[in-house]
Amino acid sequence: MSPVHVATRSVVTAVLAALVAVAGYFGDLPVAVLAGVLALVFALGWPALLDLPYPPGSSAVVALGGIGGVVAVHSAIEQPFLRFLPVVFAGAILLAFINEMLRRDGRPGLVESVSGTVAGTLVAISVAGWVATGRTPGGEGLVVTGALALAVAAAASVLRLPPWTRAIVTALAGAAAGTLGALALPSVDRVAGAVLGLAVGVLMASLSTLFHRVPALERRTPALAAVTLPVTVTGIVVYVAGRVLVG
């Protein structure tokens with residue numbers, strides 16, 4: 001099996017972010033469907049990335065938490081659309097403990113397994129932020145702008161530059177893309193687009209630096225989590241930034 005290189009992972013992340021931008025342009029249902037798929041793909045790779053002792057159970061819990069969060073947000077009748085998200089997360093925590101009770105291998109690494117599964121669920125459930133943003137009045141523009149900024153920042157993160165220079169360029173690329181996205185979408189203020197893009201760019205730069213030297217990411221299964229994690233986490237970042245900047 002050929003290794004998955006850093007540049008390949010960043011390009012895949014950029015493509016996924018671009019798909020979110022396209023889905024955001026067409027409405028909240030495509031965003032919800034894509035968010036559910038991203039949560040599922042992330043769940044498949046997360047246990048391998050953390051080397052959790054019982055991957056099938058951990059993947060199931062993370063997937064149920066992520067997809068459950070998307071369904072809860074998409075089916076909410078009125079704002080706040082995230083009102084049922086804490087309930088879904090609490091249920092996923094309970095499932096994480098049930099997952100450990102069902103193990104028949106002596107339960108080695110019990111603490112690591114529970115904490116790793118819960119952490120993965122928190123990341124997966126963050127993808128529901130894309131759905132909540134898209135359902136907010138005027139939120140379609142924020143989805144497109146945030147996803148576009150992430151796609152450009154992910155592409156910039158593959159540049160062959162010194163680490164700190166690459167991080168700064170990645171953050172500025174996100175800010176520039178956010179500004180351009182706001183200029184193209186009248187529903188998003190230019191300052192809000194620039195700030196949102198900068199936040200997304202800083203997030204992408206941080207995750208790129210974090211994953212740069214992780215040996216496990218040379219394998220394809222852990223790489224599934226690495227390429228989808230920036231997109232899932234950015235969902236909640238875009239929602240929070242949109243509430244603060246736009247209201």
Side-chain angles (χ1 to χ4, degrees), residues 13-39 42 66 69-70 72-74 76 79-83 85-86 88-89 122-157 170-208 227-247:
T13 298
V15 171
L16 293 176
L19 289 176
V20 174
V22 173
Y25 180 79
F26 286 102
D28 60 325
L29 180 59
V31 173
V33 172
L34 182 56
V37 173
L38 288 171
F42 172 79
V70 170
V73 173
H74 182 68
Q79 297 194 55
F81 297 118
L82 297 183
R83 68 175 68 185
L85 210 57
V88 175
F89 185 54
L122 182 60
V123 174
I125 210 170
S126 297
V127 78
W130 290 113
V131 185
T133 304
R135 296 197 63 197
T136 303
E140 297 88 349
L142 287 174
V143 171
V144 175
T145 301
L148 177 63
L150 178 61
V152 174
S157 68
T170 299
L172 292 178
T179 304
L180 291 175
L183 288 173
L185 299 167
S187 61
V188 181
D189 180 75
R190 285 177 292 179
V191 175
V195 174
L196 174 60
L198 180 62
V200 171
V202 170
L203 175 65
M204 185 63 220
S206 302
L207 291 174
S208 177
V227 299
T228 51
L229 190 150
V231 189
T232 57
V233 172
T234 301
I236 203 68
V237 173
V238 170
Y239 178 80
V240 172
R243 297 291 291 182
V244 173
L245 298 172
V246 179

Identify the two heavy atoms, one from [X] and one from [Y], that lie closest to each other, and give their separation to 0.1 Å.
X	Y	value
A173	A156	CB-CB, 3.8 Å
V200	G146	CG1-O, 4.1 Å
G178	A149	N-CB, 4.1 Å
Q79	P137	NE2-CD, 3.4 Å
G193	A182	CA-CB, 4.0 Å
A241	L196	CB-CD1, 3.7 Å

Would a 4.5 Å heavy-atom cut-off, applied to side chains only, mark [X] and [Y] as touching?
X	Y	result
V195	V244	no
I236	L82	yes
V231	V127	no
L29	H74	yes
F81	V131	no

Q: Kindly indicate, with the supporting measurements, whether the criterion side chain to side chain contact (heavy atoms under 4.5 Å, CB included) is fulfilled by L38 and V20.
A: CA-CA 10 Å; L38 288 171; V20 174; 4.1 Å; yes
I'd like to know if the side chain of [X] and the backbone of [Y] have a donor-acceptor N/O pair within less than 3.5 Å.
X	Y	result
S157	A154	yes
S208	M204	no
T13	V227	yes

Q. Just wondering, are more than 12 heavy atoms of other shown residues or ligands nearer than 6.0 Å to CZ in R83?
A. yes
What's the spacing between [X] [atom1] and [Y] [atom2] if we round to 0.5 Å?
X	Y	atom1	atom2	answer
Y25	L185	OH	CG	9.0 Å
L198	L203	CG	CG	11.0 Å
R243	T133	CZ	OG1	9.5 Å
L85	Y239	CG	OH	10.0 Å
L207	T234	CG	OG1	7.5 Å
T145	R190	OG1	CZ	13.5 Å

